[in-house]
Amino acid sequence: QLDGDIGSVFMSELRRVSTPRFERRRSRLQQENFKGSRTDLFRGLPSSSPKKTRCSSPPTSAAPAASSSPAQQKQQRQTRSSSSSHSTPPPSVVRRRSSSSLTPTADRFISDRSCMNLDVSHFHLTSTTSVAAASPSSSPSSPAASNTAQAVDGATAQAQDFSRRMSDNLFPEQGGSQQVLALRQRPPRPLTRANSDAVLYTQAGTSVGSRRPFKAARHIPQNSDRILDAPELRDDFYLNLLDWSSTNSVAVALGQTVYLWGASTGKIVELCALDQDEEYISSVSWMEDGSHLAIGTSSATVQLWDVEAQKQVRSMNGHHARVAALAWNKHILTSGSRAGAIYNHDVRAQQHRVATLAGHSQEVCGLRWSSDGRNLASGGNDNLVNIWDAQGQHRHALTDHCAAVKALAWCPWQSNLLASGGGTADRTIKLWNTNTGACVNSIDTGSQVCSVMWNAEYKELVSGHGYSHNQLCLWKYPQMTKITELTGHTARVLCMAMSPDGSTVVSAAEDETLRFWKCFASDKKAAKKKTHSKSKLTGLIR
C-alpha cells in the first residue's frame, strides 16, 4: 500500500512539473504558425492587430466528502491541480476583416440619342450572324449525308448573301460598320443657360462654313443701293458678260447687244449689236485705260471697239469655238475659247497672235492677269487652274478643284496670292501660293462660286454664288471668316464687277437684274487720319 502511494505521488509531481512547460511550448508554436499563415493570407491588405481573449477556467468540482481519508484527500487535491494546469487553453486570436472599401467611384456619360441611328442599331441587334445547319440523320460517311450537307451549305450561303444585300440596300450609308452606340458628333448646345458666365460646350475645329460670323468694324448695307433691269441676259455660267471700266462705265452684254451705263451720269448707250440671229455676245472686257472694249462672240471672233467713237477698230480671228473669257495686260489681249485654246493678241500688230497657250482640254471660262503683269491665271471646265508667265510658259497646274473654275482673282497687295472658286460640285474658295503651287487655304462656301474679288482697303474678299443661295459673301483675310451675306437676287449670280474706287460691287444674275452693293464704302475718318500722318511725316522730313 505504501509503495503504491509513493508511485502515484511521484507520477503526479512529474506531470505537474512537465505539463506547464510542454503546454507553453505548444502554445508558442501555434501562435507562430498562425502568424505565418496570416501573413500569407492577408499580404498586401490593410491589417488590424488581433485581439486576444482569455477563456474562462472550467468550474471546480464539488468539495470532497468528509468521509474521505487524508491520503485520498491529498491525492484528489493533486489530481485537481494537475487537471487544471493541463486544461488551460492557449490564448485565441480573433480575426478581423478589413473594413476598407476598394470600390472605385467615377462619373458616367449619357450619350446623345440624336447621334445614333436607332433603325440600324435595332437591325444589328436582332440580325443573326450565322444560319444553323440541320444535321442529317444518316451517318456522315454516307452519300445521303454528304448531299444533305452540301444542300444545307448552299442554303446557308444564299441566306447570308440575301441578308447582306438587304442590309446594303436598306442602309447604304452605313457600310456595314454601324455600331449600336455611335457618337459621331458633339451634343447640341442648350437652348437656355442658367448661368451666363458658365461655358458648357466648346465647339473647336468646326468647319469654316459654320464659323461664327466676323463682326465688321463698319456698317455694311444689307440692301442693294441700285437695281437695273437686264432683259435677255444669257443664263450661262461659263460666260463673262459684265465689266466696269476705269472711267466709271459699266458694260453689259444682253443677248446680241452690248450696253454701256455711265455710273456717274446714269446715261445708257447702245454700243453694238450682232447681225446674225444665231449669234450672241459671250464675253466683254475693258482695256486698262477705259478707251477700248473687247468683245467675244459665239462665232469665235474677238472684236475691238473704240468707245468714244462708238465704232469697231478691228476684228481678230483664230478661235474655232465661242470666246467665253477675255483679259487685258497693257496692249496684250488674252482670249480663251470653248475648244480649250488660249491666245495672246498684240492689238498693235497686224499679225496679232503672239502666243498660243495649250493647257486645257475643255472650255476656258476664267482668265486673269496679275496686277504686275507677270503671271496669267486660267480656269476651265476641266477643273484645272493653270499659271503662265508673261512669255506664255507654263508654270503650275493646280488640280485641287473638282468642278469648273470660273472665279479667279489676284491679290492686289501680294502678287503671288491667287484666289479661285469652283462650281456646283466643288463650292470652295481656294487660296494659292503661285510661287510654289501650294494651296494655302480652302473654304467651303456651301454653294456654287461664280466670281471672287479682292478689296485692298479692308483686305477682304467678296464672292458671288449661284445654286443654291444666290448671295454675295464677304470674307475677312487672312482668317477667311465670313463677315456678312448680301441677299436680294432671286436666281443664281452669274457675273460680278467692281467700281474703280473699290467701294461698290455690281452683280448680274439669272433673274435679269443688275444690283449695286456699297459693301466697301470708304472710311473717311481712317483716310483723314492716314493723310494727316503722311503730312506730319513730310513736315518732319523737311
Side-chain angles (χ1 to χ4, degrees), residues 238-240 243 282-289 292-297 300-304 313-401 404-412 414-421 430-439 452:
Y238 302 98
L239 305 184
N240 293 271
D243 199 13
S282 55
S283 58
V284 294
S285 180
W286 284 101
M287 199 174 184
E288 293 178 358
D289 59 0
H292 293 78
L293 180 69
I295 299 174
T297 66
T301 61
V302 179
Q303 301 177 5
L304 189 62
V313 295
R314 71 178 306 173
S315 177
M316 294 172 286
N317 300 319
H319 286 290
H320 303 285
R322 70 178 183 181
V323 180
L326 296 169
W328 284 92
N329 183 19
K330 297 180 181 180
H331 57 275
I332 299 297
L333 175 62
T334 304
S335 61
S337 69
R338 175 179 276 182
I342 300 175
Y343 296 155
N344 285 343
H345 309 272
D346 189 347
V347 297
R348 305 170 301 176
Q350 183 178 3
Q351 300 297 328
H352 53 84
R353 189 194 303 179
V354 295
T356 300
L357 313 180
H360 292 278
S361 59
Q362 297 186 34
E363 183 170 14
V364 178
C365 51
L367 287 173
R368 284 293 183 275
W369 279 97
S370 60
S371 57
D372 56 6
R374 296 181 179 180
N375 295 291
L376 171 70
S378 63
N381 194 33
D382 51 4
N383 310 341
L384 290 179
V385 177
N386 289 317
I387 307 298
W388 316 82
D389 61 11
Q391 289 73 32
Q393 299 297 321
H394 187 266
R395 294 186 57 197
H396 300 289
L398 312 178
T399 61
D400 288 6
H401 283 289
V405 182
K406 175 187 176 184
L408 295 170
W410 290 91
C411 181
Q414 189 173 347
S415 60
N416 65 333
L417 181 62
L418 174 69
S420 63
K430 298 185 185 298
L431 303 181
W432 306 90
N433 183 349
T434 56
N435 290 339
T436 62
C439 180
V452 289

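No hydrogens, no waters, no symmetry mates; every other heavy atom, side chains included, goes into these values. Along the sequence shown, residues carry numbers from 1.
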**OP:** Output yes when a side-chain donor or acceptor of Ser370 lies under 3.5 Å from a complementary backbone atom of Ser415, and no otherwise.
**Re:** no

Original post:
Can you name the ring-ring contact (aromatic ring centres under 6.0 Å, His included) partners of His319, sequence neighbours left out?
Top reply: Tyr343

**OP:** Could I get the full list of side chain to side chain donor-acceptor pair (under 3.5 Å) partners for Asp389, not counting sequence neighbours?
**Re:** none

Original post:
Considering residues at least two apart in sequence or located in another chain, which fulfil the side chain to side chain donor-acceptor pair (under 3.5 Å) criterion with Trp286?
Top reply: none

Subject >> Which residues share a side-chain contact (heavy atoms from CB on, under 4.5 Å) with Ala407, sequence neighbours left out >> reply: Val449, Val452

**OP:** Tell me, please, which residues at least two apart from His394 pass ring-ring contact (aromatic ring centres under 6.0 Å, His included).
**Re:** Trp388

**OP:** Please list all pairs passing the salt bridge (Lys or Arg N to Asp or Glu O under 4.0 Å) test where one or both residues lie in residues 343-362, with sequence neighbours left out.
**Re:** Asp346-Arg348

**OP:** Heavy atoms only: give me the nearest Leu384-Gly359 pair and the separation to one decimal.
**Re:** CD1-O, 3.9 Å

Original post:
Roughly how far, to the nearest 0.5 Å, is the NE2 atom of His352 from the CG atom of Leu333?
Top reply: 10.5 Å

Original post:
With sequence neighbours excluded, what pairs up with Glu288 under the side chain to side chain donor-acceptor pair (under 3.5 Å) test?
Top reply: none

**OP:** State whether the side chain of Trp328 and the backbone N or O of Ser285 hold a donor-acceptor pair below 3.5 Å, judged by distance alone.
**Re:** yes

**OP:** Sequence neighbours left out, what passes ring-ring contact (aromatic ring centres under 6.0 Å, His included) with Tyr238? Give chain and number order.
**Re:** none

**OP:** Step by step, work out the side-chain contact (heavy atoms from CB on, under 4.5 Å) result for Leu376 and Asn329.
**Re:** CA-CA 9 Å; Leu376 171 70; Asn329 183 19; over 6 Å; no

Subject >> Within residues 367-377 or reaching into it, pairs that qualify as salt bridge (Lys or Arg N to Asp or Glu O under 4.0 Å) - sequence neighbours excluded >> reply: none

**OP:** Can you tell me which residue pairs pass the salt bridge (Lys or Arg N to Asp or Glu O under 4.0 Å) test with a partner in residues 331-344, sequence neighbours excluded?
**Re:** Arg338-Glu363

**OP:** Decide yes or no for Ile387 and Leu398: does some side-chain heavy atom of the first lie under 4.5 Å from some side-chain heavy atom of the second?
**Re:** yes

Original post:
Is the backbone N or O of Thr434 less than 3.5 Å from a side-chain atom of Arg395, with the two atoms forming a donor-acceptor pair by type?
Top reply: yes

Subject >> Residues that His396 engages under ring-ring contact (aromatic ring centres under 6.0 Å, His included), provided they are two or more places apart >> reply: none

Subject >> Result of checking Thr297, Val323, Val347 against Val302 for side chain to side chain contact (heavy atoms under 4.5 Å, CB included) >> reply: Val323

Original post:
Considering residues at least two apart in sequence or located in another chain, which fulfil the side chain to side chain donor-acceptor pair (under 3.5 Å) criterion with Asn344?
Top reply: Thr334

Original post:
To the nearest 0.5 Å, what is the distance between CD (Gln303) and CE (Met316)?
Top reply: 9.5 Å

